[in-house]
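All heavy atoms count here, side chains included; hydrogens, waters and symmetry mates do not. Here is how names work: the chains are called A, B, and so on, in the same order as the sequence lines, proteins then strands, and each is numbered from 1.
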Number of protein chains: 2
Amino acid sequence: MTARYARIAAELRDAITRGGYAVGAQLPSEAELAARFAVSRGTVRQAVAVLAAEGLVGSRQGARRIVLGRERSQSFAELHSFAQWARAAGHRAGGRVLAQRRRGASAVEAARLALRPGEPVLSVLRLRSLEGEPVLLERTVYAGWIAPAVERLDADCESVTRALHDGAGLVLAYGEHFIDAVAAGTEDARLLAVRRGSPLLRQRRVTTTPEGRPVEWSDDRYRAGSVTFSIRNSVDANPLVRQVGDLRPAR
Amino acid sequence: MTARYARIAAELRDAITRGGYAVGAQLPSEAELAARFAVSRGTVRQAVAVLAAEGLVGSRQGARRIVLGRERSQSFAELHSFAQWARAAGHRAGGRVLAQRRRGASAVEAARLALRPGEPVLSVLRLRSLEGEPVLLERTVYAGWIAPAVERLDADCESVTRALHDGAGLVLAYGEHFIDAVAAGTEDARLLAVRRGSPLLRQRRVTTTPEGRPVEWSDDRYRAGSVTFSIRNSVDANPLVRQVGDLRPAR
DNA sequence: CAGTGGTCTAGACCACCAA
DNA sequence: TGGTGGTCTAGACCACTGG
């Protein structure tokens, strides 16, 4: 059963997306929405808070909320799974494992995965494609405790996230992402079919379970021009952080 | 006067940042916090919602909240103003205007700034440095209505955002950011002191007033290795969006 | 000035987690 | 099964916006 506020948020989001409210237009007042949906003002406020967090609407005390944009953020699953994202966006995704081996965690990997250096991890190199073109090179390190489930997967498994969810009951809940630009190395260049030294968009990320247990630490490199990340922020909701240098020190 | 929930959020954030709660540790229950701060449960929930939006804590129904990380997102001002960000992070920022001229808006610029093509805009090229090293090339287009205030600024004005706030009463409230990687062009390479074709981290952004009126559309290019963006997300709060190609079509 | 969103309360019921 | 967070209500007061 979906919560009342979630259904109200969905209805308003649909109206915005379909153009019922233009960008810059005002939303109805909270009292008006409360009457229309027959709920209390608190529930209406929960609903519009969702839209505000998505960056779709903004608000100022004393004035009605305004529409800031018409496109919604993707679901968490779509952001963490290349295959699920591509499918939802209407693209044809492919992928295959190029190399896979067990080894001991390096110092950085251990810090990211909350392990001790030398503890077993599974290192996987995957090449992923969009519309048949190679666009993404993933170098992923899985914590040892999930490694057996990963090794059972097909080499050309389309969605690793989905397979681990269905097969091993693995649920991912939180992620931290670090985005910067790097020059393609020799291996990057060969596999992504670009020249050595050409620009790549790098996204390093760690993903954890609902309990906060790290599952994977990945270095993903996109061919320039293939993918863009976007974020909408405000005085109230400000998820994006800019940092000097390569990466913050490990915890 | 700061709101109660904001002060409670600040106190909890401090405790997390100082290490009073380790990463992975549990937060006190809502009832416990309500008693400790002598507020209702609703107020406590508002406070922890702030921390959740900052990516510091996560929650699951039935279990206590857990600490996910120790570092807080930057303020909106710090994200939009290179100078304010650098100062807050303890770095020495510099910058100067290399070129500045009025012209008519292109089709893309007009769409981004909610103008008609050909309406007057002010185009500015700025080079910004960190610790004396050039790291960022900004190509900014200001809407015509704010151009006079921008033209009154010094060429080596440290913080444009701050100067426009103090001088013209301009308040920025919302932003949308598009992040990808590009190869340095001839001008980029010369000004940032890198080789042509070397990787740059590009952040294009549009910033608007509290009323939703677009102020500036900017193409910012960082030298590779100088800056990293980071984002923490979850099933509930998911601000990051991945898109195919260069940039979504204009609204 | 009336309308609107921002804050806060006190209580209720439920779904879920862990022991 | 008891404690926890998730949802919802009904009402109150305040700060701010806008005509």
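Contacts between chain B and DNA chain C, taken as any atom within less than 4.0 angstrom of a protein heavy atom, begin and end at dT7(C) to dA18(C).
Counting heavy atoms of neighbouring residues, nucleotides and ligands inside a 6.0 Å radius, atom CZ of Arg87(A) does not exceed 12 of them.
With DNA chain D read from its 5' end, the first of the two nearest nucleotides for Ala6(A) and Glu211(B) is the one closest to Ala6(A). Residue-to-nucleotide proximity on DNA chain C shows that, of Ala63(B) and Glu32(A), the 5′-proximal contact is made by Glu32(A).
In this entry the distance linking CD1 of Ile66(A) with C1' of dG18(D) reads 15 Å, nearest Å.
Under the 4.0 Å criterion applied to side-chain N and carboxylate O atoms, Glu211(A) and Arg60(B) are assigned as salt-bridge partners. The pair Glu151(A)-Arg102(A) counts as a salt bridge, with a side-chain nitrogen and a carboxylate oxygen less than 4.0 angstrom apart.
In this structure, the side chain of Arg242(B) engages the main chain of Leu79(A) through a donor-acceptor pair within 3.5 Å.
Within residues 41-62 of chain A, the residues having any heavy atom under 4.0 Å from DNA chain C are, by residue number, Arg41(A), Arg45(A), Ser59(A), Arg60(A), Gln61(A), Gly62(A).
Listed by first and then second residue, the side chain to side chain donor-acceptor pair (under 3.5 Å) pairs that reach into residues 1-15 of chain B are Arg13(B)-Glu54(B), sequence neighbours excluded. Listed by first and then second residue, the ring-ring contact (aromatic ring centres under 6.0 Å, His included) pairs involving residues 57-85 of chain B are Phe76(B)-His80(B), His80(B)-His177(B), Phe82(B)-Trp85(B) (not counting sequence neighbours).
Residues meeting the side chain to side chain contact (heavy atoms under 4.5 Å, CB included) test with Ser106(B), sequence neighbours left out: Val108(B), Glu109(B). Evaluation of the side chain to side chain contact (heavy atoms under 4.5 Å, CB included) rule for Asp166(A) yields Arg162(A) as partners, not counting sequence neighbours.
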